[in-house]
Amino acid sequence: MKFSIKHINRMLWESHNKTKDLVTMADLRNHSSAGVVSAELPVGKMSTTRNEQTKRNKSYSTTQFVGLFLGPLLFLLILFFLPLPGLSDEGRSVLAITAWIAVWWILESIPLGITSLLPLVLLPVMGTVGEGVAAASYGNPLIFLFIGGFALALALERWNLHERIAITIISAVGTSTPGLVLGFMLATGLISMWVSNMATVMLMLPIGTAIITKVVTLMKEDNVYTKEEEMKFTKSIIFAIGFGGTIGGSATLIGTPTNLVLAGLSKELLGFEISFAQFFLFAFPLTALLMLFSIFYITKIAYPMKVKKIKNGRQFVSDRKKELGKMSYEEKIVLSIFILTGFMWMTRTFLWSDIIPGLSDTMIAMVAAVLLHIIPSSNRPGERILGKDSLKNMPWDVLLLVGGGLALAAGFNGTDLASWIGSQLLLLDGASYMMILGVTTLLGIGMTQMTPNTATVTILVPITAALALAMNIHPLPLMTAVAMGAGFAFMLPIGTPSNAIIFATGKITMMDMLRKGTGLTVLAFVLIVVFVYFVLPIIFGINQFEYPDTLK
């Protein structure tokens, strides 16, 4: 146990250092000042630096190296040696493939996107799913929905519209210390509903640190400064940004890949389409409540400040708005397309389905992406709102991971593996529905604290669907509970990129994250169980206590 704790601690610090170097552009700074460093550093220091650089230049970390061999070993063990009575050879093959890929996803032995291509090779070779069926999973319409959403995000970032939105929100909620915390969390949450969480947090941190510096200066001018007040305000803003990005991303289908995986697997496993509007109506109130509690928790319980009002704070925000100037032509175009796309997504099912037969959320996203690449720029002659370089910036690793997950789901559906897993979960037979729901939610929340949340959902959602079949209850609530739980990783830096980035600032410690993240995680667990039990059946029009005959 002692060794494992030390090992985990070393892994976390290595992750911290790598992320910090990325955020602060350490490689660029080291390269530009290489001559000065070599001339001034003592010999011992130079040796230490070289050793650290050698460690970082290793092709594989210890964990990755172990996973590189553990994945294929598990594959062979399950395929040839493990006794699995009642499971067909085809189902055994899919289980072995899933175990191999899951290990490489969790331990990131090779890049996630490359690992995600393995089903395209292994499923046809093992004779479980045809090559055409496996390949079709990588062209699922939901992948193109995500591409359209990311095109909108890239346009927001390219023309700096996201910063204008953030500053406007912060200005609207006030510039008292609690008001600034509220503003940063709301701004980060709102933007992360449409832009990737990592990009949103990266955007907001420089704004946050600038305001922290200014507020500290103003506190000194007002003779109300103490080191403790500076610490509380600094950590409040940083946590507001990090937690706001994580929470906000769970409110929409395109806000985080976990929601996208849920929608894709729901269509693949159940034939049930989760529309953008339905998911938003379910998830937005949940995330809004969690965000409001987070603000109360940070400002009143975790870091209550004696200094409430900051003189000239509003002037600072006002000055930043003046620096941004009037909205450019490009910003107006992006904002118009952004609002129109959101409106079409929200109203498609009850307003446009009869007028435009066959219209889907993916089609709407594609129209938005095409418009952004067609409309020319006014301030940059020869350019358009989005150029061809936008394709380079798409999250192809995430898109391939979603495709790989859908291919595995096709393997689950095409064999008896899903029903066999469900039969193995009959240990929960006789347990109350609420207990089953709580266990699946806890599984998603617990696993995602240590493993990539997208991989967590891809692995667990088919298992919960099989559990629902064995328990004769509707699978969608359990699948949603796991996916939502996997979206809320607050306790460790390795849980999400948002956590890693705020930890890399050096302003918060591991214990800060554990203590503050645990309280928020407990509340997230309660809210997910309550909303899935009471709200989801109403929004999606299902009976959660029966497994539909049409799905059997």
Side-chain angles (χ1 to χ4, degrees), residues 78 82 84-88 90-92 94-99 101-102 105-106 258-259 261-272 274 282 405-406 408-448 451 453-488 524-525 528-537 540 542-552:
I78 294 172
L82 201 64
L84 300 172
L87 183 62
S88 67
E90 292 79 7
R92 180 186 287 268
V94 174
L95 182 62
I97 293 168
T98 302
I101 293 172
W105 270 339
I106 293 170
T258 57
N259 295 345
V261 171
L262 170 66
L265 292 178
S266 173
K267 182 72 172 178
E268 180 71 29
L269 296 171
L270 312 179
F272 189 96
I274 299 176
F282 162 74
L406 294 175
L408 286 177
F412 271 68
N413 262 358
T415 65
D416 62 341
L417 179 59
S419 59
W420 182 85
I421 290 176
S423 67
Q424 307 308 304
L425 295 172
L426 287 176
L427 290 174
L428 289 172
D429 192 20
S432 67
Y433 181 85
M434 189 64 79
M435 178 177 289
I436 296 171
L437 185 58
V439 168
T440 53
T441 305
L442 193 61
L443 189 62
I445 288 179
M447 188 170 171
T448 199
T451 62
N453 53 12
T454 311
T456 298
V457 173
T458 308
I459 295 165
L460 292 181
V461 165
I463 294 174
T464 55
L467 171 63
L469 175 61
M471 298 288 104
N472 197 33
I473 55 180
H474 202 292
L476 186 61
L478 299 189
M479 294 163 64
T480 304
V482 164
M484 292 297 290
F488 295 135
F525 169 78
I528 290 170
V529 172
V530 169
F531 268 74
V532 169
Y533 188 87
F534 292 104
V535 179
L536 186 142
F540 289 93
I542 63 171
N543 178 3
Q544 71 261 48
F545 303 114
E546 292 182 3
Y547 196 96
D549 292 333
T550 55
L551 301 182
K552 291 182 179 178

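These numbers were taken from a predicted model, which means no experiment stands behind them.
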If we only count heavy atoms from C-beta on, is the [X] to [Y] side-chain gap below 4.5 Å?
X	Y	value
Leu270	Pro475	yes
Ile445	Met484	no
Gln544	Leu536	no

If every non-hydrogen atom of [X] is compared with every non-hydrogen atom of [Y], which pair is closest and at what distance?
X	Y	value
Gly438	Phe525	O-CE1, 3.4 Å
Ala468	Leu478	CB-CD1, 4.1 Å
Leu265	Pro462	CD1-CD, 4.0 Å
Ala465	Leu269	CB-CD1, 4.2 Å
Ile274	Ala263	CD1-CA, 4.2 Å

side-chain contact (heavy atoms from CB on, under 4.5 Å) with Leu443: which residues, sequence neighbours excluded?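 Scan of Leu443 (side-chain contact (heavy atoms from CB on, under 4.5 Å), adjacent residues dropped) gives Leu460.
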
Who are the side-chain contact (heavy atoms from CB on, under 4.5 Å) partners of Leu84, not counting sequence neighbours?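 Here the qualifying residues are Ile78, Leu82, Leu87, Arg92, Leu95, Trp420.
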
Measuring from [X]:[atom1] to [Y]:[atom2], what's the distance to the nearest 0.5 Å?
X	Y	atom1	atom2	value
Glu268	Leu408	CD	CG	10.5 Å
Ile473	Glu546	CD1	CD	11.5 Å
Ile528	Leu437	CD1	CG	9.5 Å

If the test is side-chain contact (heavy atoms from CB on, under 4.5 Å), which one of Thr441, Ile542, Val482, Thr464 qualifies with Pro477?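 Filter result, single survivor: Ile542.
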
For Tyr433, which residues count as a ring pair (Phe, Tyr, Trp, His ring centres under 6.0 Å) partner, sequence neighbours excluded?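 With sequence neighbours excluded, Tyr433 shows a ring pair (Phe, Tyr, Trp, His ring centres under 6.0 Å) to Tyr533, Phe545, given in chain and number order.
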
Plane angle bin for Phe272 and Phe540 - parallel if under 30°, tilted between 30 and 60°, otherwise perpendicular: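 Correct class here is tilted.
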
Say whether, by atom type as modelled, one donor and one acceptor occur between the side chain of Ser266 and the main chain of Leu262 under 3.5 angstrom.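 Pair absent, no side-chain N/O of Ser266 close to backbone of Leu262.
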
